[in-house]
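Beneath this line is the structure, given in C-alpha cells, with notes to follow.
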Amino acid sequence: MEQDFNEALLKLCMLLYRIDGKITLTEQDYYQAIYNNIHWRGEQDLEEFERQAIHEVRNAVEMGEVKPYILSLKDALSFDGKKALAVAKGISFIDGEIADEEQEIIDYLQFRVLAKSLAEESDDFSENSSPSA
C-alpha cells in the first residue's frame, strides 16, 4: 500500500510541475527532495519508474486527460490523503505563484478525489485527540 502511495505521489508531483508548461528550479528541487526521501520498495528500479511515469504524465497532459489521470491515482493517494494534498500544495506554491492549472488540480484533489480520505483522516484525528473523561 505504501509503495502504491509513493508511486502515485511522484506521478502527482510530476503532473503538477509540468501542467503549467514551465518547470522552475524550485519545483525541480522540491520534486528532487521528495524523490530522494521516498521509501522505495518497487519491483522496478526507481529511475526506470520515473522514466515511465514522465511519459505517462506527458501523455495525460497532451491528450487533455489530466482529471482522469488524477482519478486513476485516487486509491493510492487515499492511503495518506493529507500528505498527498500537502505535497501537491507544496510543489504548486514553491515557485511563489500558483498557476490556474495547478489550482484546478489542487481543488480537484481536495474536493473530489481525496475528499472522503481527508474527511476520514480528520475524523480519526478528532477521535484520537478528544480529551478522556
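If you're wondering where the values come from, they're calculated on a predicted model, not measured in any experiment. As a basis for the values below, the full set of heavy atoms in this structure was taken, side chains included, without hydrogen atoms, waters or symmetry mates.
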side-chain contact (heavy atoms from CB on, under 4.5 Å), that's the test. Do E27 and K22 meet it? Break it down for me.
CA-CA 10 Å; E27 288 171 328; K22 57 182 180 184; 5.6 Å; no
When rounded to the nearest 0.5 angstrom, what distance separates [atom1] in [X] from [atom2] in [Y]?
X    : Y    : atom1 : atom2 : result
Q32  : C13  : CD    : SG    : 11.5 Å
E65  : L71  : CD    : CG    : 11.5 Å
N6   : F79  : CG    : CZ    : 8.5 Å
L15  : L109 : CG    : CG    : 9.0 Å
I105 : L12  : CD1   : CG    : 7.5 Å

Looking only at the side chains, is there a donor atom on one of Y35 and Q28 sitting less than 3.5 Å from an acceptor on the other?
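Absent: no donor and acceptor within the cut-off.
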Is E102 reaching over with its side chain to a backbone N or O of A99, donor-acceptor style, under 3.5 angstrom?
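Yes, the answer is positive, given that a donor and an acceptor are paired below the 3.5 Å cut-off.
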Salt bridge or not for K67 and E104, using N-O below 4.0 Å?
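Between E104 and K67 there is a salt bridge, with a charged N closer than 4.0 Å to a carboxylate O.
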Within a reach of under 6.0 Å around CD of E43, are more than 12 heavy atoms found that belong to other residues, nucleotides or ligands?
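Open: at most 12 neighbouring heavy atoms sit under 6.0 Å from CD of E43.
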Is there a continuous path of hydrophobic side-chain contacts, each under 4.5 Å between heavy atoms, that joins [X] to [Y]?
X    : Y    : answer
M1   : L73  : yes
L25  : M14  : no
L118 : F111 : no

Not counting sequence neighbours, list each pair that qualifies as a ring pair (Phe, Tyr, Trp, His ring centres under 6.0 Å) and has a residue in residues 37-66.
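Passing the test, one end in residues 37-66: W40-F49.
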Summary of side chain to side chain donor-acceptor pair (under 3.5 Å) pairs that have at least one residue in residues 69-80, sequence neighbours excluded:
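Every pair satisfying side chain to side chain donor-acceptor pair (under 3.5 Å) with a residue in residues 69-80: E56-Y69.
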